[in-house]
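For reference, the structure is listed below as C-alpha cells.
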Amino acid sequence: MNFDYIIEGNTFVNHSFQQCCIGIEDEKIVSVKKILTGAKKKRFPKQVIFPAGIDIHVHFRDPGFPQKETFQTGSIAAAFGGISCVFDMPNTKPQTTNKNRILLKIEYANKKSVIDFGIYAGISDENLHLIDDFSLLVPGFKIFLGSSTNSLLFSQKNLSTLFKNLSDSSKPVLFHAEDSQCLQENKRKESHLSDHHNARPCTCESKSIQSILQYSPFPCPVHICHVSSIDALQILLKKKDIVSFGSTPHHCLLHIDKNISPHNQSLFKVNPPLRPLMHQTALFHALKEGNIPILESDHAPHTLMEKSGEFSEAPSGISGVETMYPLFLFLAYQQTISFSEIVSSVCERPARLLNLSKGFIKEGYDADFVVVDVKKQQKISSEFLHSNARYSPFEGFNALFPQHVYVRGQPVVEEGVLIAKPGNGEHVINNESGS
Ligand SMILES: [Zn+2]
C-alpha cells in the first residue's frame, strides 16, 4: 500500500488508547494498523493523538463585522483549539439568506480560512419558499425562533411550512430555541446577569422546544442549539431518538451564582443566558453520562470595547472556539469526564449530524488529528488566544491545547506555531450520502 506518510503514536482509536500507525494518502486516512511501513514516519512518542474537533456553531462575523472577528482570525483561533472544521452561522452582513450571498461568503472564506468550513443558510419568514435555490450549497439551515444579535426572525406559525419544504432533506435544520412572545413578556431593565437570566427565563427555551417538537416525527434531521436549562434538558432527554441537541462549554461549565465582579458581568452575557448553578450542574452531569449529543462553542465574539459598556447595552455573545476542545481534554485527563464522551460530542456526533467524512480516526476519513502533550497543561489567558475578542469567560481555567493540528493530512499548527496560510481551508459540502 502507498502512503504519503505515516503518523505513529499513542492514538485514541475506537474509544481506547492504542499504540498505532496511521497511513495517510491524498488527504485521507487509508490505513490504521499496529505496524505500517513503506513511507516516511512522523513519530509522537510522548504525546497522544486524537481526532480533530468539529465546531458546528460559530459566528465568524465575516463579512460585516471585522472588528469582532474575520474568517481569518476566527479560523486561526479554531485551529489552535484543535478544530479542523467550523460551520458558520448566517447572521453576518449580508445575512446568508440567498444563493448569491451564500456564494459570496464561500468565496470569501475560501480565501481567508486556515481550516475547513461550511456556511449555513439562514431561514426566515421571507426566504422560506426559496430553500431549493441554495440547499445544495449548505450543510444545513439555521432558524432563530427568538431574537438574538442581528438575527433573522422566523415566525412559529411557519414551522409547518418549513417542515413541508424540507421533507426528505438529509441536511439538518438547527434551531435557536427561545420563544419570542415569552421573551417579550419577560423584558425588564437589566443591570446584572441575574436580570438577563430572568429576562430570558428557562421557560422561554422549553416553550420554544415544545413548539418545535409538536411537528415530530420530523421529515429531516433537527438539532436544538445551545441547551441552557434543566427544563429543556428534561424535555429533550425523552426525545433523544428523534432530535439532536447540543450544549456549549459556557452552559456546561459556568453559572451565575458565582461571584462575578460587576465590571465583568457583560463578558458573560449570552443568549440563551447563563443560569444558576443547578442548571450548570445538571448539564455537566448529562454530558458526562453521554446524554448531551453535541458540544458546540457558539463562538460569538464582540470587541472588548462593546462588552465594556453598560450591562444593558452590551451585546450578547461569548467567544469559545479556541477553548472548547482544550477545556474538555483537560477535564478528561483529570478524569472528571471520559475521553470517550469528549471525542463523541466534539468529533463523532457533529460529523454524523452533518454527514461529514471527518471526526474519526478510521480508514476513508479525512486525515484530521490533534497531537496533545498531556503534561503541558496551560491556564487559559486571553493574552495568548487568537480571536479578535480579546477576552475569555474561561480566563484561568486549565486546558490542554494541542501542539500539532493536521487538517486533511496537512499540518496547520506545528509545535504550537501556525503553519497554514489563509486559503488552506476547504469548503465542505455534504451532498453525498455516505459515512
Ligand atoms: Zn449562535
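Position 1 is the first residue of the sequence, and the numbers go up from there. Whatever order the structure lists ligands and atoms in, that order sets their numbers, starting from 1.
- In this pair, Phe360 and Tyr365 present their aromatic rings tilted. The plane angle is within the 30 to 60° band.
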Can you list, pair by pair, the side-chain donor-acceptor contacts under 3.5 Å of residues 281-294, counting residues two or more places apart and other chains?
residue	atom	partner	partner atom	Å
Thr281	OG1	Leu277	O	2.9
Lys288	NZ	Thr336	O	3.4
Asn291	OD1	Lys240	NZ	3.0

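- In this structure, the separation between CE on Met324 and CD1 on Ile342 is 10.0 Å, given to the nearest 0.5 Å.
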Mind listing the side-chain donor-acceptor pairs of residues 127-134 below 3.5 Å, one per line with the distance, residues two or more places apart or on another chain?
residue	atom	partner	partner atom	Å
Asn127	OD1	Ser124	N	2.8
Asn127	ND2	Thr97	O	2.9
Asn127	ND2	Gly122	O	2.8

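- Taking 4.5 Å as the limit, some side-chain heavy atom of Ser75 sits within range of a side-chain heavy atom of Ile115.
- Protein-derived N/O/S atoms nearer than 2.8 Å to the Zn ion (ligand 1) total 3, waters excluded.
- For Phe163, the ring-ring contact (aromatic ring centres under 6.0 Å, His included) partners are Tyr215, Phe218, not counting sequence neighbours.
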